[in-house]
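Data block below; observations after.
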Amino acid sequence: MSTPIDTLTPVLTDNWGAERSWTLAAYEAQGGYRALHKALAMEPTAVVETVKASNLRGRGGAGFPTGMKWGFIPQDNPNPKYLVVNADESEPGTCKDTPLMMATPHTLVEGVIISAYAIRASHAFIYVRGEILHVIRRLQRAVQEAYLAGHLGADIHGSGYSLELVVHAGAGAYICGEETALLDSLEGRRGQPRLRPPFPAVAGLYASPTVINNVESIASVPSIIDRGAEWFASMGTEKSKGYGIFSLSGHVTNPGQFEAPLGITLRELIELAGGMRQGHELKFWTPGGSSTPLLTAEHLDVPLDFEGVAGVGSMLGTRALQIFDETTCVVRAVLRWTEFYKHESCGKCTPCREGTWWLVQTLAHLEQGQGSESDLDLLDDVCDNILGRSFCALGDGATSPITSSVQHFRDEYLAHLTHGGCPFDREASTVFAREGASA
Amino acid sequence: MSPSEEAGRIPGMDDDTTAGAVSTTQVNADRLPAATYAELEQIAARYPQARSGLLPMLHLVQSAEGQVTSRGIEACAEILGISAAEVSGVATFYTMYKRRPVGDYHVGVCTNTLCAIMGGDLIFDRLKDHLDLGNDETTPAEDGRRSITLEHIECNAACDYAPVMTVNWEFMDNMTPESATTLVDDLRSGAEVTSTRGPRLVTWREAERVLAGFPDDLADEGPSAGPASLLGREIARQRGWTAPSVAEAAQAADVKDQGADKAEGETTAGKAGGAPESAETESQAAVAESGADAKHEDNPRNTGEGDA
């Protein structure tokens, strides 16, 4: 390869540190809204084709090809078309869309306009979780500025294309990150998932054709239009093209955001983060949030792309790399995630509603050193009755940390029984623990 | 719905007997101020279908009332043409809606796994002690002191700043038990406090107004990003790493194109360890079926623009 791709490739994050980066002036000074003008000069179909050719795959976790999703919108359907941005970033460990919207909300707004134009929507919504107030302020301001500049509203820059964009704050429900629950929530209802089919592309918001995309997917669109599908696809691996934001948190020396071509490894990322915190070693990690099965130090060199992570039995998810060292009790970690899923289960389907409740009971007993080894089989049995039998992916996700941790750390579960409780010092795992403290 | 003692047993309204209960018994006797009602109507009008406004409308009710009140629920129901039970059903589903009065400051401590392990559990314990509160409880009203509602919260999308707290949903990053107690002491005394990635703190009711879609003009306060958000970008700048230029990308594609007949795939794909085709997941299969991938690999210059 004559021009190897650099280890880090800041595109979306490139302007995050610019002076008043959230303003229209700062964004336009860096070439912002150039892609919009280019897109408006194209046929909508050509915009869809460009995104298809880039092989951009959804950045919200599932990795479905974005352009193909757009292509599913039936243009002969007489109902209005809608674009909804999923900005309900709530998957534990995931923290990439939030800084993006805070630092450069116009990247998202420009992406929304181009994407809505591509699917011929005249109404778009950014559904943003309510618990990130300053991000919401920045989005509101960006949308207001975009209207004043003529990037939004009627007859955008004389193109004949009109778009209304509403920033919509949620109210605290993890389940609303699930796209059909998000639609119910956006319709002013309890956020509970819908049975599919019909898929949102056919019957989404107000039973009309709707595209729902993650923030990072939509924010990637301006760069693809501006620099081309070929440019985007020059980064990444064979079936996982382009760049993505990798979020490192936990027991590394310097947690943070790293934008790199898909396929970078955790070993490379930990090195960039200054290594594991001094005197400690990697124990387990999530590749893409708590709903993706745990991996261990043996997976340091797995390429972080859709295929690579799937190849070792987990999922790339949202590239939310939560890193835990040997001071961390895996049972405590998994119990806490399970309590989260129980709390966030929407109650619509029995396997998830009842199953997550029983998982918490069983895990809590184990963590306290009660119960017996057969409880591990019970956990396995309950997980087996949730996975694939729930209405949506929340139930599936709830089983991931449990089955993977029992697989990798069975002895640690049993140690709680022989020890009569948790053998770990919870002080030692904190960031403010005295240096050199250990379990 | 007739005012009666049965009101507490209406399906979906069965929390009515608890403190700060929402009751449907005071219809018409106690209406929201006209100005608030008009703003609720304004929210509903933002949407192609009015009911979409319900979540922001309930945020506005909280801003005006300090909690979700029965007259707030009645107003939403009236404006949207749905029943109070339907509104109540929504209000009870989402954790940000509170059916008891919230203090001047809602203080959240993330106790989801990563923050808990990094110190969130110890911070939450310390604050419960320090404020003499349980979860989701509020300090009693005292002359000259602001009130605080303490709650443990789920992952708030700031994991690279763990342990994380929030005050009225503004970020308070990299907390310790000591900085947490100082924070709540400052809040109670009325001292000005600034979010680590945001503006000077406003009250919970003022914050709820922003969530209802009425901006407060503080967007320009605070930094563009915190240091952790900028870390990768800084390292890239130090090492001279950038995304490829369009020309470099085209050159790389040419090389790949020429080698396509002989090579198994592109260089970077070698790292993937070649997941066997038979193990493809549904979405991978979808990628293959789309033809987009194949078209690109065969001819990288075919961006689709010619198809238009």
Hey, which of [options] has the most heavy atom pairs under 4.5 Å with chain B?
{"options": "A/E91, A/E259, A/H123", "answer": "A/H123"}
{"options": "A/G17, A/C176, A/A169", "answer": "A/G17"}
{"options": "A/W231, A/Y206, A/W16, A/F324", "answer": "A/Y206"}
{"options": "A/N15, A/V252, A/L186", "answer": "A/L186"}
{"options": "A/G93, A/P99, A/A173, A/S90", "answer": "A/G93"}
{"options": "A/P255, A/G172, A/P80", "answer": "A/G172"}

Beyond-backbone contact of [X] with [Y], side-chain heavy atoms, under 4.5 angstrom:
{"X": "B/V210", "Y": "A/L133", "answer": "yes"}
{"X": "A/L8", "Y": "B/I235", "answer": "yes"}
{"X": "A/Y82", "Y": "B/P48", "answer": "yes"}
{"X": "B/C155", "Y": "A/W337", "answer": "no"}
{"X": "B/M96", "Y": "A/E131", "answer": "yes"}
{"X": "B/T242", "Y": "A/D6", "answer": "yes"}
{"X": "B/T95", "Y": "A/H343", "answer": "yes"}
{"X": "A/T9", "Y": "B/W241", "answer": "no"}

Which region of [X], side chain (C-beta onward) or backbone (N, CA, C, O), has a non-hydrogen atom less than 4.5 Å from a non-hydrogen atom of chain B, or is it both or neither?
{"X": "A/T7", "result": "both"}
{"X": "A/E344", "result": "side chain"}
{"X": "A/A320", "result": "neither"}
{"X": "A/S185", "result": "both"}
{"X": "A/R190", "result": "both"}
{"X": "A/C346", "result": "both"}
{"X": "A/L100", "result": "neither"}
{"X": "A/F125", "result": "side chain"}
{"X": "A/Y174", "result": "neither"}

Could you look at [X] and say if it's the side chain, the backbone, both or neither that has a heavy atom under 4.5 Å from chain A?
{"X": "B/Y161", "value": "neither"}
{"X": "B/A207", "value": "both"}
{"X": "B/V202", "value": "side chain"}
{"X": "B/N174", "value": "neither"}
{"X": "B/R239", "value": "side chain"}
{"X": "B/S245", "value": "backbone"}

Taking all non-hydrogen atoms of both residues into account, name the closest pair between [X] and [Y] and its distance.
{"X": "B/A243", "Y": "A/V11", "value": "CB-CG2, 3.6 Å"}
{"X": "B/P244", "Y": "A/S234", "value": "CG-OG, 3.6 Å"}
{"X": "A/R138", "Y": "B/A219", "value": "NE-O, 2.7 Å"}
{"X": "B/G232", "Y": "A/F258", "value": "CA-CD2, 3.6 Å"}

In Å and rounded to the nearest 0.5 Å, what is the [atom1] to [atom2] distance from [X] to [Y]?
{"X": "A/I132", "Y": "B/T166", "atom1": "CD1", "atom2": "OG1", "value": "12.0 Å"}
{"X": "B/L55", "Y": "A/R189", "atom1": "CG", "atom2": "CZ", "value": "12.0 Å"}
{"X": "B/N112", "Y": "A/S290", "atom1": "CG", "atom2": "OG", "value": "6.5 Å"}
{"X": "A/L272", "Y": "B/E234", "atom1": "CG", "atom2": "CD", "value": "13.5 Å"}
{"X": "A/T286", "Y": "B/L114", "atom1": "OG1", "atom2": "CG", "value": "8.0 Å"}
{"X": "A/M102", "Y": "B/R197", "atom1": "CE", "atom2": "CZ", "value": "5.0 Å"}

TODO: For A/H134 and B/S195, indicate whether the former's side chain and the latter's backbone hold a donor-acceptor pair under 3.5 Å.
DONE: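 Pair absent, no side-chain N/O of A/H134 close to backbone of B/S195.
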Highest number of heavy-atom pairs under 4.5 Å with chain A: which of [options]?
{"options": "B/L58, B/L122, B/V87", "answer": "B/L122"}
{"options": "B/A157, B/G108, B/P163, B/A91", "answer": "B/A157"}
{"options": "B/E221, B/E86, B/E178, B/R46", "answer": "B/E221"}
{"options": "B/A162, B/P215, B/G222, B/P199", "answer": "B/P199"}
{"options": "B/G213, B/A225, B/P177", "answer": "B/P177"}
{"options": "B/S224, B/A50, B/G119, B/C159", "answer": "B/S224"}

- [ ] Mind running side-chain contact (heavy atoms from CB on, under 4.5 Å) on B/I117 and A/R426 for me, showing each step along the way?
- [x] CA-CA 7 Å; B/I117 282 168; A/R426 68 176 190 165; over 6 Å; no
Note: [X]-[Y] ion pair, threshold 4.0 Å (strictly below):
{"X": "B/D121", "Y": "A/R336", "answer": "yes"}
{"X": "B/R237", "Y": "A/D14", "answer": "yes"}
{"X": "A/R137", "Y": "B/D217", "answer": "no"}

Task: Results of ring pair (Phe, Tyr, Trp, His ring centres under 6.0 Å) for A/F232 - residues two or more places apart only - done: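 A/Y243.
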TODO: Please identify each residue that fulfils ring pair (Phe, Tyr, Trp, His ring centres under 6.0 Å) with B/W169, with sequence neighbours left out.
DONE: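 B/W169 satisfies ring pair (Phe, Tyr, Trp, His ring centres under 6.0 Å) with B/H106 once adjacent residues are dropped.
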- [ ] Walk me through it: do A/R129 and B/N156 pass the test side-chain contact (heavy atoms from CB on, under 4.5 Å)?
- [x] CA-CA 9 Å; A/R129 66 182 298 185; B/N156 218 59; 3.4 Å; yes
Task: Working for side-chain contact (heavy atoms from CB on, under 4.5 Å), residues B/L211 and A/I136 - done: CA-CA 7 Å; B/L211 297 179; A/I136 292 166; 3.4 Å; yes
Task: Parallel, tilted or perpendicular, as decided by the 30° and 60° cut-offs, for the rings of A/H168 and B/Y47 - done: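 Taking A/H168 first and then B/Y47, their aromatic rings stand perpendicular (interplane angle over 60°).
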